There are 2 protein chains.
Amino acid sequence: MNIENTKAQMKKGILEYCILSIISRGEVYASDIIEELKNSKMIVVEGTLYPLLTRLKNDELLSYQWVESNSGPPRKYFQLTSEGKRILKELSETWNELVIAVNRTTKKK
Amino acid sequence: MNIENTKAQMKKGILEYCILSIISRGEVYASDIIEELKNSKMIVVEGTLYPLLTRLKNDELLSYQWVESNSGPPRKYFQLTSEGKRILKELSETWNELVIAVNRTTKKK
DNA sequence: TTTAGTACTTTGTATTGCATAGTACAATCT
DNA sequence: AGATTGTACTATGCAATACAAAGTACTAAA
């Protein structure tokens, strides 16, 4: 029984929602996303984020364009597609339902 | 992008917490657990529950004894060990932290 | 030119929810 | 008594994803 592993398992499925939310507030690139997640005590590593962004792009929830950086290599800036916005709303409901279900199961208010 | 798959992913890591909570309220067997989860809109199937109960038993969070049933095959009744109670408390905190982190990330209150 | 920092890509692993197939026990039906 | 049905549990394989690690590529500074 390893609590760190459980934390990782608990994150599965939830990170999509978090990342779509962050992007919905305006164009960002990967390091922005990692920074915002860290600020919210949601630690996610590159090996998770990049494949996830790729999946979301392949599912047509995201689009991106390359933007020259003035202090390093070019960056991929992401935005939500209209499909991405629709799914984000759905994920929001799904998350809320999950919280309610878990709190009911565990009898927390 | 399949919302049902996302729901399954979101459940990962959380079911332990739910199941330990249910058992903490008194001895139950597997069908009791499935019923309580269903009542809380937390659908879990046998193929998930039994291996999970076995894992928790192997991790020494649960103990069980066989009890004759008066209307069918014998049943395995589970209780929390003291380690199980300790971990349940830890999982409760972990869950609460996750909810806070997600809601902060998604800017929900 | 080399080094360091930044950004992204790729791949393999571990874990777990789900689906499915099966075994076993007890009660009821034929 | 044997067959069927319902209940309870076991075992296995698959899909998906977070993480770790290795690598490529671009830019600026040394």
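For the numbers below, each heavy atom of this structure counts, side chains included, while hydrogens, waters and symmetry mates do not. Here is the naming used below: chain letters follow the sequence lines, and residue numbers restart at 1 for every chain. Predicted, not measured: the structure shown is a model, and the values here were computed from it.
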Could you list the donor-acceptor pairs under 3.5 angstrom formed by side chains in residues 43-56 of chain A, with sequence neighbours left out?
from	atom 1	to	atom 2	distance (Å)
A/T54	OG1	A/Y50	O	3.0

5' to 3', nucleotides 24-30 of chain C under a 4.0 Å protein heavy-atom cut-off (B base, S sugar-phosphate only, - none) gives -BSS---
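- Bounding nucleotides for the chain B contact on DNA chain D, 5' to 3', at a heavy-atom distance below 4.0 Å, are D/dG6 to D/dT17.
- Nearest-nucleotide mapping onto DNA chain C: of B/V44 and A/E46, the residue sitting toward the 5' end is A/E46.
- Under 4.0 Å is where a charged nitrogen must lie from a carboxylate oxygen, and between A/R86 and A/E90 at least one such pair does.
- Regarding B/M10, its CE atom lies at a distance of 19 Å from the P atom of C/dT16, rounded to whole Å.
- The CD1 atom of A/I34 sits 12.0 Å away from atom CG of A/N39, with the distance rounded to the nearest 0.5 Å.
- Tested against B/L80, the residues B/L61, B/I87, B/I23 include a single side-chain contact (heavy atoms from CB on, under 4.5 Å) partner, B/I23.
- Counting heavy atoms from C-beta on, the side chains of B/W95 and B/E93 never come closer than 4.5 Å.
- Here C/dC18 presents its P atom at 10 Å from CG of B/L37, a figure rounded to the nearest Å.
- Nucleic acid contact class of A/E4 (heavy atoms, under 4.0 Å, all strands): none.
- Remark: C1' of C/dT16 and CD1 of A/I3 are 15 Å apart, rounded to the nearest angstrom.
- Taking atom CD1 of A/I34 as the reference point, atom P of C/dT6 lies 13 Å away to the nearest angstrom.
- A/K76 has its NZ atom 15 Å from the C1' atom of C/dT6, to the nearest Å.
- A heavy-atom distance below 4.5 Å is not found between the side chains of A/Y17 and B/T105.
- Counting only N and O atoms by type, the side chains of A/S63 and A/Q79 include a donor and acceptor under 3.5 Å apart.
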Kindly determine whether B/T6 and A/E16 satisfy side-chain contact (heavy atoms from CB on, under 4.5 Å), including the steps that lead there. CA-CA 9 Å; B/T6 301; A/E16 270 178 41; 4.0 Å; yes
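- Residue B/K7 has no polar side-chain atom (N or O) positioned under 4.0 Å from OP1 or OP2 of C/dG17.
- Under 3.5 Å, the side chains of B/Q65 and B/E27 contain a donor-acceptor pair of N or O atoms.
- Regarding B/D59, its CG atom lies at a distance of 11 Å from the P atom of C/dT15, rounded to whole Å.
- At whole-Å resolution of the value, CG in A/N2 and P in C/dT16 are 9 Å apart.
- Out of C/dT9, C/dT16, C/dG17, the shortest distance to the side chain of A/Q9 is found at C/dT16.
- A heavy-atom distance below 4.5 Å is found between the side chains of A/V102 and B/C18.
- One can place CD1 of B/I33 at 13 Å from P of C/dG17, the figure rounded to the nearest angstrom.
- Distances shown here put every side-chain N or O of B/N5 at or beyond 4.0 Å from the OP1 or OP2 atom of C/dG17.
- Note on A/K12: a base of the nucleic acid sits closer than 4.0 angstrom, heavy atoms only.
- A sub-4.0 Å separation between OP1 or OP2 of C/dT16 and a side-chain N or O of B/R55 is present.
- Taking every side-chain heavy atom of A/Y50 into account, C/dT9 is the closest of C/dC18, C/dT15, C/dT9.
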